[in-house]
Amino acid sequence: MMEQKLEIFLQQACKDLYQATLNEKQVQVQKTRSEFEGDFTIVVFPLLSISRKSPEQTANDLGEWFMAHLDEVDDFTVIKGFLNLSITAKYWIDFLNSEKNRPNYGYTQKGKSKPVVVEYSAPNTNKPLHLGHIRNNLLGWSVSEMFRASGQEVVKVNLINDRGIHICKSMLAWQKWGGGKTPESENLKGDKLVGEYYVKFDQELKAEVADLLGKGMDKEAAENNAPLLLEAKEMLKKWEQDDPEIKQLWERMNAWVYEGFDKTYNRMGVDFDKVYYESDTYLLGKELVKDGLEKGVLYQKPDGSIWCDLTDEGLDEKLLLRADGTSVYMTQDLGTAQLRYDDFDPSKLVYVVGNEQIYHFDVLKLILKKLGRDWAEHIFHLSYGMVELPHGKMKSREGKVVDADDLMDEMYETAKRTSEELGKFDDFTSEESERLYNILSLGALKYFILKVDPKKTMTFNPEESIDFNGNTGPFIQYSYARIQSILRKAKEAGIETGENILTDCPVSAKERSLIRLLYEFPQTVQFAAESMSPAQIANYVYELAKEFNQFYHESPILKENDNLIRDFRLQLSRFIGNVIKSSMGLLGVDVPERM
RNA sequence: GGUCUCGUAGCUCAGUUGGAUAGAGCAGCAGCCUUCUAAGCUGCGGGUCGUGGGUUCGAGUCCCGCCGGGAUCACCA
């Protein structure tokens, strides 16, 4: 890569000119900003102390040196303390010729490293997936793809929260008020049906609490002693004792939910290599805890409960086993972490979980380390920001949520309406139209969610829905379709586009800028994977599509009279199309041949 | 209260990890379809980067204080 080469030569230059060796901070090679002439910029400010000359003089000396020693350097300009180097057209054309037909350009060949395990989604089986899950799922899936593209082995895992008091709540409500309704009888997705009873439970519980308060009971007592809650707790106890009737109900209702989840996952285009169920793993942590107690890392209180003291680390004490021997969330997470380590011997354990659980994962890592699990160092909590609605946060229990299925439906309708208004697809069969609307609506949704930095809280406005113009998925998809359209026409006209571009082909400023962007794709993928940020890819591909559209407007491609230039532009366009497709692929977004 | 985190144009977001005159999209206004797809392109207006200090050749970016929002500190998950 040119940057590395320039850095090495810069070292040499300073040795030659100033008899000095540079430290890392002094070597600064970056992309030249578009408003200036040149390709790469060397910042000379850090070099002034060794050159003992003015910024301009230093930059000039270095510029001369580069001209004399590096064939690829064409020209240079000096602006203040910035040395802008121009790279020869030949270098860029050579780059195009060697890379334009490379399959998987920008992706790194898989090495023989240990896998990265990425956990994402982790739904509860008492309610349907909502907008928050969408961000989680898209992020987890995309980050996994980016790891793969950067040469790492990846295992995508899900951990389904299929047991616990919250599950019993919806079970109990269905038992009481369900009247034997099933997804089939109601023609309703299973997760939706179960979710209704979770809401129902909450409503009934609130009514009971209000009633108790009215009878003069204090708030805490009322909340803890409402008959419904006691009943749910009783059900949980029975579940843990393997009561056949409860287990059967539990299996039945969970099966409904899984069927619903699978539909949503499929439509969203996310998948998993392995699915863990909390009901299988929730007991695993106990062994670790007992072991820790024997080693004296943990301690027991007089009531029999077991704790970890983290006050030395500036945190609190953390309960790991209740006095009655039952486990808490942390206990089972210790267990599943160990299980995953045993299953995959991973180089990294990534948890895609909301930022409200930062504390939880800090504690998890600390406890594992105390228990002598050195691999805890490789746990990484990819904590993403919440998705908020314009009015504020989403609240499941109050029904203030954006349902995942509903949202995809609405997006689909918008895509359909917009497409029909434009009326470009009269020759499409209904299957083709449907396919296109799916590609566009999911593209809009996924791009909208993934283009923002995962760490940041984001606002989602369902009223305005998602735009199809500007910095959006469909805009990028449109750019791709335009390219394919030209390529189809070129083929029809019998123009061969596979040959090498001649090095004396004239290249405009916009074309050069596009070549630069293509050149940056591999490092963008690498950087996106390292920072676990699909937003890096989204911003990159938007820039590429935008520049292509500008190019498209200012230059004829197929209609260019000079065949040399025409073929160059066709090849450039095809390369851009491929990179758009690869980039969008990393975001889980498909691209249409026509739109 | 402790800890963490965020604050950039009316709105939604970028800002390449400290570099040049802080950028896009949406919304608003004005243009461009007999020419490869107008889901596009061009132009205009819009900013004390919450605020006050500090570090330095250079700060939206790093450090400290303050203001404002959010998260978390459960025998919930």
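Chain letters run A, B, ... following the sequence lines, proteins first and then strands; every chain starts at 1.
Both the sub-6.0 Å distance and the 45° axial angle are not jointly satisfied by A:K318 relative to the ring of A:W307.
Taking 3.5 Å as the limit, the base of B:A20 and the side chain of A:N84 contain a donor-acceptor pair of atoms between them. No hydrogens or angles were tested; on distance alone, nothing pairs the side chain of A:N469 with the base of B:C26 as donor and acceptor under 3.5 Å.
Less than 4.0 Å separates RNA chain B from at least one heavy atom of each of the following residues of residues 519-537 of chain A: A:F527, A:Q536.
Between A:T459 and B:C13 there is a side-chain N or O to OP1 or OP2 distance below 4.0 Å. Within the 4.0 Å cut-off from OP1 or OP2 of B:G19, not a single side-chain nitrogen or oxygen of A:R33 is found.
Closest contact between the side chain of A:L422 and the listed nucleotides B:C26, B:A39, B:C75 involves B:A39. Among B:G19, B:U42, B:A77, the nucleotide with an atom closest to any side-chain atom of A:Y329 is B:A77.
With a 3.5 Å ceiling on both atom-pair distances, B:A20 lacks any Watson-Crick or G-U wobble partner. Across all strands shown, B:C62 forms a Watson-Crick or G-U wobble pair, both distances under 3.5 Å, with B:G54. With a cut-off of 3.5 Å on both Watson-Crick or G-U wobble distances, the partner of B:G1 is given as B:C73.
Nucleotides B:G50 and B:A59, compared at atom P, are 15 Å apart to the nearest Å.
Among the heavy atoms of the strands lying under 4.0 Å from A:V328 are primed sugar atoms or P, OP1, OP2 only; no base atom is included.
In this structure, the aromatic ring of A:F82 is positioned over the six-membered ring of the base of B:A20, centres within 5.5 Å and planes within 30°.
Judged by distance alone, the side chain of A:N136 and the main-chain N or O of A:S121 form a donor-acceptor pair under 3.5 Å.
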